[in-house]
Amino acid sequence: MPKISTHSSLFDAALLGEAVKESFLRLNPVILARNPVMFTVGVSSVLATFFTLRDAVLGLPFIVGGQIALWLWITVLFGNFAEAVAEGRGKAQAESLRKTKTETPAKKVTSVDAKTWDIVSATSLRVGDLIVAEAGDVIAGDGEIVKGIATVDESSITGESAPVIRESGGDRSAVTGGTRVLTDRIVIEIRANPGESFLDRMIGLVEGATRQKTPNEIALNILLVGLTLIFLIVCVTLQGFAAYSGAMIPVIYLIALLITLIPTTIGGLLSAIGIAGMDRLVAFNVVAKSGRAVEAAGDIDTLLLDKTGTITLGNRMASAFIPVDGASEEELAKAAMLSSLADDTPEGKSIIRLAEEKFGWHAQDRQTPDMRFVPFSAHTRMSGVDTDSLSIRKGAPDSILILSGNSGSAETLRSVERVAKTGGTPLLVAQDKKILGVVHLKDIIKPGIHERFSTLRRMGIRTVMITGDNPVTAAAIAAEAGVDDFLAEASPEKKLELIRREQASGKLVAMCGDGSNDAPALAQADVGVAMNTGTSAAREAGNMIDLDSDPTKLIEIVMIGKQLLMSRGALTTFSIANDVAKYFAIIPALFMGIYPGMKALNLMRLASPESAILSAIIFNALILIALVPLALRGVAYHPAPASVILRRNLAIYGGGGVILPFMGIKAIDLIVSGLMG
């Protein structure tokens with residue numbers, strides 16, 4: 001008996017197809033198959049196919065069939081193994097948060113007035129230790145400011161782009177480890193031991209979050225396990241029926257029969273279906289870490305979006321000049337622009353840009369040699385410019401009012417209040433201590449987002465904005481953006497609680513975010529889409545990364561997810577029909593020697609039990625290869641009710657799954673029996 005050759009390269013088998021080869025080699029690092037049962041089935045298939053063909057009758061068809069089946073199932077095993085590795089890597093991590101905690105240096109001092117310090121690790125700090133933080137430093141631990149005042153960028157923690165003023169005493173003295181000091185110098189007393197800080201809490205929440213299995217995933221697992229057990233029982237009991245009739249079926253035939261009947265087709269195609277979905281996501285500049293996320297996107301019910309950097313651009317921009325007390329808009333704009341010439345912040349640049357757009361000025365042409373710029377200070381909470389003839393200041397309303405020496409006119413106070421109520425930030429501008437008006441700074445809604453949210457609503461997806469703003473500000477921004485609901489003053493725990501509440505009611509939840517405080521929610525959500533412009537912690541926690549940082553791209557993600565589900569549904573229907581058809585085609589041929597009456601059920605008139613088994617094995621290998629292009633291309637997505645999709649699947653793929661095995665196995669049987677004869 002000739003031995004089956006197994007020395008050739010995995011991709012030497014031409015019938016494997018370049019599409020499969022390129023898909024496995026090109027798509028790094030995720031290959032989508034997620035059923036552990038199918039991994040076991042694949043192992044059994046490789047071994048049983050090999051030994052069945054080894055012990056088969058001599059002839060070229062068996063060698064060819066063995067090569068096809070063997071290399072095909074090794075490829076399936078490779079896909080399942082790669083997926084297992086990818087799923088592990090796709091699990092939410094908190095490495096960047098841990099690095100922030102462990103790698104941030106601290107300037108430790110012995111007293112509040114100390115002029116020198118020792119550089120120590122943040123992990124060595126204990127409650128009561130004193131540290132100094134200057135402009136540009138990352139605060140090494142949670143604590144209270146005991147001396148000084150500074151502007152602090154807390155966006156990496158809160159997601160809010162606007163810097164905040166932190167100072168000793170009062171309710172603005174608390175600072176959080178991982179935030180950055182932008183101006184001035186502060187002395188901080190540490191209030192949290194290692195393991196008790198905000199970052200430690202975030203790490204615990206991220207690593208404690210678990211994504212649920214999707215309904216489709218659960219249903220497919222039940223189906224595959226159920227069919228595998230049914231056919232296993234059938235194959236085991238067949239020997240008993242044969243023994244009762246005084247005959248014996250070779251065990252190797254029963255193993256081969258089991259492999260032919262159990263639903264290996266859909267298990268082998270899961271990788272190709274997922275690859276196709278991931279490839280389409282890449283075309284929209286979205287990187288998926290997990291195939292499960294692509295599938296879940298097709299069934300999303302609720303979308304949660306962080307406000308800053310997700311719904312809004314993330315930086316406050318000047319949107320209007322509001323003159324008061326008889327000043328003209330041009331006069332206000334000119335003063336605001338001159339005071340911003342040396343301001344490199346996004347807010348300062350936006351003031352210059354707005355003035356240039358409104359009045360056609362060129363800011364640099366307005367600069368004169370006698371200008372002396374006053375940088376922003378957390379102490380004064382204002383900045384400005386002085387010349388030989390005038391003095392201009394812009395800043396927080398209370399600071400400018402104190403500078404001007406009055407409590408402000410009714411018109412000024414109304415303008416400030418109106419800007420604040422709409423979710424904006426008011427800046428007062430004064431020239432020679434006379435208030436000219438208000439500059440309205442607002443976090444700009446991303447272009448076209450309102451229309452995109454309307455599209456999501458028509459798709460049946462409820463949108464919820466999450467923000468740390470107060471309810472009044474949150475309501476104004478939610479109305480402008482067009483979301484269905486909002487959660488104001490949201491802490492990481494509140495976000496996590498909202499997602500779990502939605503999931504407990506049977507809904508699938510997607511979360512879009514960019515801050516470290518979004519990381520636990522991104523880790524818990526069924527689909528966690530992290531903005532590429534966000535923090536490392538957010539990108540690690542999500543299972544998708546949007547390279548364009550456009551939350552409304554979820555529309556495309558959902559469409560691709562729905563197409564993936566439709567493709568899998570169609571191929572699952574075909575696979576089940578295919579396996580059932582093979583059952584009724586092979587069993588009569590296998591038993592017609594024992595029960596002559598079963599010849600009437602041998603509709604395909606297969607030549608012998610040996611040729612029937614071998615033809616079914618070869619067909620099993622060939623049909624999987626033939627379906628790979630369809631799995632990669634996917635079934636065209638047409639929005640339709642589930643009943644319509646089900647009828648179409650049953651008619652096209654169910655009917656095809658019944659007819660094709662009869663035709664294919666019969667054709668192979670003619671060739672095999674001819675060569676054997």
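Contact of the Val287 side chain with the Met544 side chain is not registered, since no non-hydrogen atoms from C-beta on lie closer than 4.5 Å. Counting only heavy atoms from C-beta outward, the side chains of Pro492 and Met202 approach each other to under 4.5 Å. Side-chain contact between Phe486 and Ile466 is absent, with no heavy atoms from C-beta onward closer than 4.5 Å. Contact annotation: the side chain of Val324 never approaches that of Leu436 to less than 4.5 Å [non-hydrogen atoms, C-beta and beyond]. At a threshold of 4.5 Å between non-hydrogen side-chain atoms, the residues Ile322 and Arg418 count as touching. Residues Ile165 and Ile149 have side chains in contact (heavy-atom distance under 4.5 Å, counting atoms from C-beta outward). Contact annotation: the side chain of Ile477 never approaches that of Thr467 to less than 4.5 Å [non-hydrogen atoms, C-beta and beyond]. In this structure, the side chains of Thr412 and Asp325 come closer than 4.5 Å at one or more pairs of heavy atoms.
In plain terms, the two heavy atoms of Leu281 and Ala288 that are nearest each other are CD1-CB, 3.8 Å. Residue Glu489 comes nearest to Pro471 through the heavy atom pair OE2-CD, 3.7 Å, listed as atom of the first residue, atom of the second, then distance. Nearest heavy-atom pair across Val527 and Ala296 is CG2-CB, 3.8 Å. Across all their heavy atoms, Gly513 and Leu522 have their closest contact at N-CD2, 3.9 Å. Here the closest heavy-atom approach between residue Ala333 and residue Ala355 is recorded as O-CB, 4.1 Å. His440 approaches Gly424 most closely through the heavy-atom pair NE2-CA, 3.7 Å.
Residue Phe376 is tested with Thr151, Asp343, Asp184 for a side-chain contact (heavy atoms from CB on, under 4.5 Å); the sole match is Thr151. With Glu497 as reference, Arg501 is the one residue of Arg501, Lys495, Lys494 to meet the salt bridge (Lys or Arg N to Asp or Glu O under 4.0 Å) rule. When each of Asn285, Val286, Val282 is paired with Leu547, the side-chain contact (heavy atoms from CB on, under 4.5 Å) condition holds for Asn285 and for no other.
In summary, the side chains of Thr425 and Lys442 do not present any donor paired with an acceptor at a separation below 3.5 Å, with no hydrogens or angles considered. Under the 3.5 Å distance criterion, with hydrogens and angles disregarded, no donor-acceptor pair is assigned to the side chains of Thr179 and Thr176. For the residue pair Asp200/Ser197, the side-chain donor-acceptor check at 3.5 Å is satisfied. Side-chain contact of Gln524 with Gln503: a donor-acceptor pair under 3.5 Å is present, judged by distance alone. Judged purely by distance below 3.5 Å, without hydrogens or angles, the side chains of Thr455 and Arg458 pair a donor atom with an acceptor atom.
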Open item on the list: Let's go through Arg457 and Asp484 carefully: what are the C-alpha distance in whole Å and the side-chain angles of both, what is the deciding distance for salt bridge (charged side-chain N to carboxylate O under 4.0 Å, His left out) to 0.1 Å, and is it a yes or a no?
Closed with: CA-CA 8 Å; Arg457 193 175 297 112; Asp484 298 316; 2.6 Å; yes
Task: Audit row: Trp361, Ile352, side chain to side chain contact (heavy atoms under 4.5 Å, CB included) steps and yes/no - done: CA-CA 9 Å; Trp361 298 332; Ile352 295 174; over 6 Å; no
- [ ] Starting from the C-alpha separation in whole Å, work towards a yes-or-no answer on side chain to side chain contact (heavy atoms under 4.5 Å, CB included) for Met317 and Lys349.
- [x] CA-CA 8 Å; Met317 302 292 180; Lys349 292 178 180 178; over 6 Å; no
- [ ] Could you go through the side chain to side chain contact (heavy atoms under 4.5 Å, CB included) check for Ile435 and Val429 one step at a time?
- [x] CA-CA 6 Å; Ile435 296 175; Val429 179; over 6 Å; no
Task: Full working for side chain to side chain contact (heavy atoms under 4.5 Å, CB included) between Ser340 and Lys394 - done: CA-CA 9 Å; Ser340 303; Lys394 76 172 192 294; 3.2 Å; yes
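Under a cut-off of 6.0 angstrom, the local environment of CD in Glu417 is sparse, with at most 12 non-hydrogen atoms contributed by other residues, nucleotides or ligands.
Ion pairing between Glu556 and Arg280 fails under the 4.0 Å rule for side-chain N and carboxylate O. Salt bridge status for Glu295 with Lys562: absent, with no side-chain N to carboxylate O gap under 4.0 Å. A salt bridge links Arg166 with Glu154: the closest approach of a Lys/Arg side-chain nitrogen to an acidic carboxylate oxygen falls below 4.0 angstrom. Salt bridge annotation for Asp301-Arg462: absent, with no cationic side-chain nitrogen under 4.0 angstrom from a carboxylate oxygen.
A donor-acceptor pair under 3.5 Å links the side-chain atoms of Ser350 to the main chain of Ala318, judged by distance alone. Counting only distance, with no hydrogens or angles, the side chain of Arg393 and the backbone of Ser383 share no donor-acceptor pair below 3.5 Å. In this structure a side-chain-to-backbone donor-acceptor pair under 3.5 Å is missing from Asp137 to Ile139. No donor-acceptor pair under 3.5 Å is formed between the side chain of Asp518 and the backbone N or O of Met511.
Rounded to the nearest 0.5 Å, atoms OG1 (Thr312) and CG (Asp443) are 3.0 Å apart. To the nearest 0.5 Å, atom CD of residue Glu356 and atom CZ of residue Arg366 are 10.0 Å apart. With values rounded to the nearest 0.5 angstrom, Lys307 atom NZ is found 11.0 Å from Asp514 atom CG. In this structure, the separation between CD1 on Ile445 and CD on Glu480 is 4.5 Å, given to the nearest 0.5 Å. The CE atom of Met337 lies 10.5 Å from the NE2 atom of His362; values are rounded to the nearest 0.5 Å. Atoms CD1 and CZ, on Ile461 and Phe453 in that order, are 11.0 Å from each other to the nearest 0.5 Å.
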